[in-house]
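Below is one structure, written out as structure tokens, with a few remarks after it.
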Amino acid sequence: MPELPEVETTRRGLAPHLEGRRVTGVVLRRPDLRWPIPAEVGRDLPGRRIEAVRRRAKYLLLDTDAGDSALLHLGMSGMLRVLPADTPVGTHDHVDLALDSGRVLRFTDPRRFGCLLWQPAGTTHELLQGLGPEPLSGDFDGDRLYRLSRGRSAPVKTFLMDQRIVVGVGNIYAAESLFRAGISPLRAAGKVSRERYVALAGAVREILAYAITRGGTTLRDFLDPDGAPGYFEQELAVYGRGGLPCPACGTALREASIGQRASVWCPRCQR
DNA sequence: CATCGGACCTGTTAGC
DNA sequence: TGCTAACAGGTCCGAT
């Protein structure tokens, strides 16, 4: 489900419900997510006040008044919603954080590829180290892509989805960005010119920023914390449209697996 | 180091 | 209609 726009949509939906609220209790129904939920979540979080809800890459951080943070990743199927405390619990509702507002923050994740971890005060969690720049920040540009790609033989799509290069770009937005920039996803990263990487960086930035304004992409089940779907799906140019006509030139869109991920592109517009 | 394949887990959909 | 296989928005890990 979640790439940067969906995680950012989640963050924006959560913030007004969480910031300034105190956690009054934690219910762990299934601690065996991608990694076990550490004891601190159940032991230390109750009583803390949440000061900020932040996003780094596809991770969310709930910063507390003690300086520590709960660190969340939604994996492929994770969802966070703020619900009335008496909302019936479903099969995949793994964690509740009860709030002093009387509501609960509920973490739901059928596939359990997501995680809920703990970042002690004054530390940066290991998973957050080594990440590339935020694509919507000034640290990300075509020159960086050009420099880091020299000598690389992997497909440019795989390169773009590497979170050490730039964060937040997953399978949907990689496909859309490459289409907008006119670059074939199969091209070796090391053989894309500086000029074309400048176009790609611009495309990534524009598409992610726009997708956020649409509330992200809902393919099957993404909902923001208030239960609303995203509307960017209606504007996808290539993702999920293999065999259909290219929106720019009408050529049938090609579909193939690249780096184990389904990929779609226009063989005429993208070289 | 870079790259590739496999693994994690469940639900939905395509195909026979 | 029913069963089975393939596939899904992510990313870590080990082998090469």
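Chain naming here is simple, since letters A, B, ... match the order of the sequence lines and numbering starts at 1 in each. This structure is a prediction, so every number in the text was calculated from the model and none was measured.
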Check: Tell me: CG of A:L117 to C1' of C:dT11, nearest whole Å?
Finding: 13 Å

Checklist line | Whole-Å gap separating P (B:dG5) and CZ (A:R261) | finding: 14 Å

Item checked: Donor-acceptor under 3.5 Å (A:S149 side chain, A:L145 main chain) -> yes

Notebook entry, point to check: What distance, rounded to whole Å, do you find between the two P atoms, one in C:dC7 and one in B:dG5?
Noted result: 15 Å

Next item on the list: Starting from P on C:dC12, measure out to CD on A:Q129 and report it in whole angstrom.
Entry: 12 Å

Checklist line | Protein-to-nucleotide contact annotation, 5' to 3' order, nucleotides 9-16 of chain B [B base; S sugar-phosphate only; - none; under 4.0 Å, heavy atom] | finding: BBS-----

Margin query: Tell me which pairs pass side chain to side chain donor-acceptor pair (under 3.5 Å) where either residue lies in residues 93-103 of chain A, with sequence neighbours left out.
Written below: A:H17-A:R103, A:R21-A:D100, A:R29-A:D96, A:D93-A:T108, A:D96-A:R106

Margin query: Say we look at C:dG9 and B:dA14: how far apart would their P atoms be, to the nearest angstrom?
Written below: 15 Å

Next item on the list: Nearest whole angstrom, please: distance from the C1' of C:dT11 to the CD of A:E126.
Entry: 14 Å

Item checked: A:E176 and A:Y210 side chains, donor-acceptor separation under 3.5 Å -> no

Next item on the list: Check every atom of C:dA8, B:dT3, C:dT11 against the side chain of A:Y239 and return the nucleotide holding the closest atom.
Entry: C:dA8

Note to self: Please report the distance, rounded to the nearest Å, between NZ in A:K157 and P in C:dG10.
What the structure shows: 9 Å

Check: Do A:L253 and A:Y239 have side-chain heavy atoms sitting under 4.5 Å apart?
Finding: no

Check: Do A:T87 and A:V104 touch side chain to side chain, with heavy atoms closer than 4.5 Å?
Finding: no

Next item on the list: Look only at the side chain of A:E134 and the backbone of A:V167, and say whether a donor-acceptor pair between them is shorter than 3.5 Å.
Entry: no

Notebook entry, point to check: Is any side-chain nitrogen or oxygen of A:R152 closer than 4.0 Å to OP1 or OP2 of B:dT3?
Noted result: yes

Next item on the list: Runs of at least three consecutive Watson-Crick or G-U pairs, both distances under 3.5 Å, are what I'm after; which ones involve DNA chain C?
Entry: B:2-8 with C:10-16, B:10-16 with C:2-8

Notebook entry, point to check: Across the strands shown, which category fits A:S153 at heavy-atom distances under 4.0 angstrom: base, sugar-phosphate, nothing?
Noted result: sugar-phosphate

Check: If only atom types and distance count, is the side chain of A:S193 paired as donor or acceptor with the main-chain N or O of A:K191 below 3.5 Å?
Finding: no

Next item on the list: Please state how far atom CE in A:M79 lies from atom P in C:dA8, giving the value in whole angstrom units.
Entry: 20 Å

Note to self: Could you tell me how far apart A:N171 (CG) and C:dT11 (C1') are, to the nearest whole angstrom?
What the structure shows: 13 Å

Check: So A:L105 and A:L83, side chain to side chain contact (heavy atoms under 4.5 Å, CB included) or not? Walk me through it.
Finding: CA-CA 6 Å; A:L105 171 65; A:L83 301 165; over 6 Å; no

Item checked: Donor-acceptor under 3.5 Å (A:E6 side chain, A:E3 main chain) -> yes

Next item on the list: Can you tell me the distance, in whole Å, between the CG atom of A:L4 and the P atom of C:dG9?
Entry: 17 Å

